[in-house]
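All residue numbers refer to positions in the sequence shown, counting from 1. Here the structure is a predicted model, which means the values were calculated and not measured.
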Amino acid sequence: MKVTQKVKKVAWAKVVDLVLQIVDMGPARRFLIKKAEEKLWQGIVEESIEGLRPAQELKYAFVRNLLHTTDNHLRRGIMSKDVFHKMVKVFVRNVFIEDISEREIRKEDKKDAVYPSYLVLSPTQLCNLRCPGCYASSGSHARASLPWYVVDRIITEKKKFWHSRFTVISGGEPFLWQDEGKGIIDLARVHDDNFFMVYTNGTLINKEVAKRLAEVGNLTPCISVEGFEQKTDERRGKGVFKKIMEAFEHLRSAGVPFGISVEATKDNWDEVTSKEFLQFYFDEQGVFYGWLFQYMPIGRGYSLEKMVTPEQRLEMFKRNVWAIKEGGYNYIDFWNQGVMTDGCLAGGRNGGYLYIDWNGNVMPCVFIPYYVDNICEVYKRGGTLNDILYSTFFKEIRKWQSQYAYGKPPQNQENLILPCPIRDHHETIYEILKNHSAIKPSDENAREAKDDKTYHEGLIEYDQFLKQVIDPVWESEYKSWISKDQR
């Protein structure tokens, strides 16, 4: 296994070198891109025995799209060569090749150990906006924040223990976080061999901030939008859309790649999955990548009425597959594309992640607002980041993941278009919450939801309808690819 991983690492390193040449050999780009595509297809699709072919083709299409988008943005001058080189060295070489290979080797040495590939960290609950339905219940009133030394230690330890150099920063508004005179950009500068993706409302990204982001080169902002101007301002406040457009301009001028984060509800799903939306943000505005999150009924003012219907979700799935495979867009539907991640990523599973909020509470994911451990308390009693991985709560989630899909051969996996234990299989989380008294809600909204029987019954009923709509698609478009002798 160790030899195999070393061979894979060398093979991918050659792809990286080829990608770097694409920048430095302008006239030969198309030829080099074609060669890179061939190697990617061979490695991700033809040589893969771990996933269903349609899923592997989606993974290939996403990486291919990133390659073409990079070339396009370099030609347009909205990605600087210096930033590109830093991103390839840090994200592609460190995160994608070195970290993945090292974790596979470590798993062979310690069969029962788990190695998350990243974590989501919200260093502050403070925000300059107050959006209805905010999962974090953030606002200008919220003052809870983590100290610099805790955040710095988390980043240091996850690299040491997990060989993880990718970190997602959320909030609150991350660009408001300050401690010891340092903020998010300083964190990227101190940990310059790590790569950071920061979810932000974008209103604080001015010309100076964009310049600083270009200087560090290992942080990409992912800016929240709700659709076009009307939908965005309806939720985020009058004039916010214009501020986002200004932030886009500052980032383009500085050559910093940026993405968008989109929440789909029953009211805006059609707009945020339309071709007009994709053309405006990706083609016209220069968005590099996008994450589409379906509304999850947690946080401030949670409501099952805002969720997309099963029929809407199916149409979103079809549109998203088209966007990736045919449209050439780097736009991922977080739930519907569970086929690209072998299902749920929560609970600190191998290749997955966990979530730490502004109080230090450690949760399975951003959308499961319940916890057992607090990292600040773990540190006070002499523990480390590794200690938070083995709570009963996390182990129960990982047990369900392995029973459902993760680690199983493709022919034995359950429906990966429905990967989520709290949204798509709500009874799973509900039973865990009822059976383990040590699990605590992260805030009053989570406490209210936990005790709301109507809420749980509504989600369980929703899941039943969801299966009726989505299961036939899973059978026809994915399971049908498995030959009869594999069944």
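Note on residues 51-69: pairs passing salt bridge (Lys or Arg N to Asp or Glu O under 4.0 Å), not counting sequence neighbours, are E46-R53, R53-E57, E57-K325. Residue pairs that meet the salt bridge (Lys or Arg N to Asp or Glu O under 4.0 Å) test with at least one member in residues 421-430, sequence neighbours left out, are R313-D424. Listed by first then second residue, pairs satisfying ring-ring contact (aromatic ring centres under 6.0 Å, His included) with a partner in residues 304-329 read F282-Y329, not counting sequence neighbours. Screening residues 374-396 for salt bridge (Lys or Arg N to Asp or Glu O under 4.0 Å), with sequence neighbours left out, gives D373-R381.
The number of heavy-atom neighbours closer than 6.0 Å to NZ of K434, taken from other residues, nucleotides and ligands shown, is above 12.
Partner I397 forms a side chain to side chain contact (heavy atoms under 4.5 Å, CB included) with one of S391, P364, S402 and no other, that one being P364.
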Verdict with reasoning, R319 to D333, per salt bridge (Lys or Arg N to Asp or Glu O under 4.0 Å): CA-CA 10 Å; R319 293 185 186 187; D333 185 323; over 6 Å; no

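Residues L52 and V339 have side chains not in contact (no heavy-atom distance under 4.5 Å, counting atoms from C-beta outward). For the pair L418/K467, a side-chain contact is recorded, criterion being any heavy-atom separation below 4.5 Å from C-beta on.
Using a cutoff of 4.0 Å between basic side-chain nitrogens and carboxylate oxygens, D443 and R300 are not scored as salt-bridged.
K86 pairs by the salt bridge (Lys or Arg N to Asp or Glu O under 4.0 Å) definition with nothing, not counting sequence neighbours. Residues meeting the ring-ring contact (aromatic ring centres under 6.0 Å, His included) test with H456, sequence neighbours left out: H426, Y430.
Between the side chains of N336 and N320, no donor-acceptor pair of N or O atoms lies under 3.5 Å.
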